[in-house]
Enquirer: 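Have a look at this one.
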Amino acid sequence: MAGQTDHALRGDYSQIRADYTVVQDYSRYSPEEQDLWKRLYARQSALVPQYACNEFIDSLNSLNFGAGIPHFDEINAKLQPATGWTLVAVPGLLPDDVFFTHLANRRFPVSVWLRSPEEVEYIVEPDIFHDFFGHVPLLFNKVFADYLEAYGKGGVKAKGLHALDYLARLYWYTVEFGLIRTRNGLRTYGAGTLSSAGELPYCVESGKPNRIRFDLLRVMQSNYKIDTFQETYFVIDSFIELFDATAPDFTPYYAELRTRRDLAANETITADIIVKV
Ligand code: PHE
Ligand code: FE
């Protein structure tokens with residue numbers, strides 16, 4: 001997950017290299033943490049067949065990293081030949097420009113620390129379980145992997161245009177909380193939902209949130225909440241749709257967005273196409 005935070009960061013930033021990466025010191029994971037990983041994985045992977053998109057399910061099954069906290073090296077040996085992405089270990093959240101530069105170079109930052117047993121239901125910052133379980137499987141999908149690289153390049157550019165708030169909403173409503181229409185009905189491809197026991201069924205089944213057909217400018221116009229289940233989800237038809245919609249130069253889009261008012265996280269407008277569950 002990428003995003004701003006107003007509290008002190010949780011990770012240990014004392015050993016970082018210039019690009020904010022660290023070594024994944026595997027020996028530091030305790031038996032209790034290995035046990036917690038197995039429990040988190042078992043709970044979450046039981047929900048996936050019903051609520052995740054097929055691309056995620058297939059990749060998760062073939063990676064099969066439920067037996068213990070994964071070694072980044074072992075996953076990289078499979079990921080690099082598959083899509084050219086590399087996992088890099090980081091202490092936690094990164095400055096925007098550092099994060100974008102990693103993505104633009106097909107490096108995915110994964111936090112090294114695991115949440116505590118008290119945080120099984122709710123976590124305020126991305127830990128290794130969120131980053132790994134939520135994000136890594138889809139890095140094996142060619143189109144999604146290309147989208148993420150393009151996003152990183154778009155981030156570097158948006159920073160120069162002072163448009164990061166708009167672009168961050170796109171990440172939030174796609175990479176973290178996106179829904180996709182499939183032959184088996186509505187499913188999620190968002191890491192924030194895929195790694196959450198509560199929000200994974202909720203995002204697909206609950207009658208409460210808005211589900212709105214994906215529209216790029218509409219998404220970038222919309223605020224989001226970081227401390228509750230989402231009040232609105234945006235639905236794509238395919239990863240190709242996402243890639244194609246975001247391929248044009250965003251410079252005129254940002255200019256247009258500055259003329260519009262921001263929408264609240266729970267708001268709907270007449271132009272919205274509502275998607276039924
Ligand atoms: N095409 C966008 C731009 O010119 C970059 C981008 C690609 C942003 C994919 C997000 C996702 O800024
Ligand atoms: Fe994330």
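Both counts, for ligands and for their atoms, begin at 1 and track the order of listing.
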Enquirer: Please tabulate, one pair per line, all N/O donor-acceptor pairs under 3.5 Å involving side-chain atoms of residues 267-277, not counting sequence neighbours.
Expert:
unit_1	atom_1	unit_2	atom_2	d
Glu267	OE1	Ala264	N	2.8
Glu267	OE2	Arg261	NH1	3.1
Glu267	OE2	Arg261	NH2	2.6
Asp272	OD1	Arg218	NE	2.8
Asp272	OD2	Arg218	NH2	2.8
Asp272	OD2	Ile269	N	2.8

Enquirer: According to salt bridge (charged side-chain N to carboxylate O under 4.0 Å, His left out), who are the partners of Lys159, at least two apart in sequence or on a separate chain?
Expert: none
Enquirer: To the nearest 0.5 angstrom, please state how far the CD1 atom of Ile69 sits from the CD atom of Gln24.
Expert: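 Those atoms lie 8.0 Å apart.
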Enquirer: Compute the angle centred on the Fe ion (ligand 2) spanning NE2 of His130 and NE2 of His135, and express it rounded to 10 degrees.
Expert: 90°
Enquirer: Quick one: report the N, O or S atom of Glu176 that is nearest to the Fe ion (ligand 2).
Expert: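 Considering only N, O and S atoms, Glu176 comes nearest to the Fe ion (ligand 2) through OE2.
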Enquirer: Applying ring-ring contact (aromatic ring centres under 6.0 Å, His included), can you list everything that pairs with Tyr41, at least two apart in sequence or on another chain?
Expert: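 With sequence neighbours excluded, Tyr41 shows a ring-ring contact (aromatic ring centres under 6.0 Å, His included) to Phe65, Phe133, given in chain and number order.
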Enquirer: Run the side-chain hydrogen bond (donor to acceptor under 3.5 Å, both in side chains) test on Trp85 and Glu149 for me, step by step, so that the C-alpha distance in whole Å, both residues' side-chain angles and the decisive distance to 0.1 Å come before the verdict.
Expert: CA-CA 9 Å; Trp85 276 76; Glu149 176 193 341; 5.6 Å; no
Enquirer: Taking 2.8 Å as the cut-off, does an N/O/S atom of Asp131 lie below it from the Fe ion (ligand 2)?
Expert: no
Enquirer: On the 0 to 90° scale, with breaks at 30° and 60°, tag the Phe239-Tyr189 ring pair as parallel, tilted or perpendicular.
Expert: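 Taking Tyr189 first and then Phe239, their aromatic rings stand perpendicular (interplane angle over 60°).
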Enquirer: Ligand 1: which residues have a non-hydrogen atom closer than 4.0 Å?
Expert: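 Within the 4.0 Å shell of ligand 1, which is judged on heavy atoms, sit Tyr147, Ala150, Tyr151, Gly154, Lys157, Leu167, Leu170, Thr246, Ala247, Pro248, Asp249, Phe250.
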Enquirer: Angle between ring planes, Phe177 versus Tyr233, binned at 30° and 60°: parallel, tilted or perpendicular?
Expert: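 Phe177 vs Tyr233 ring planes: tilted.
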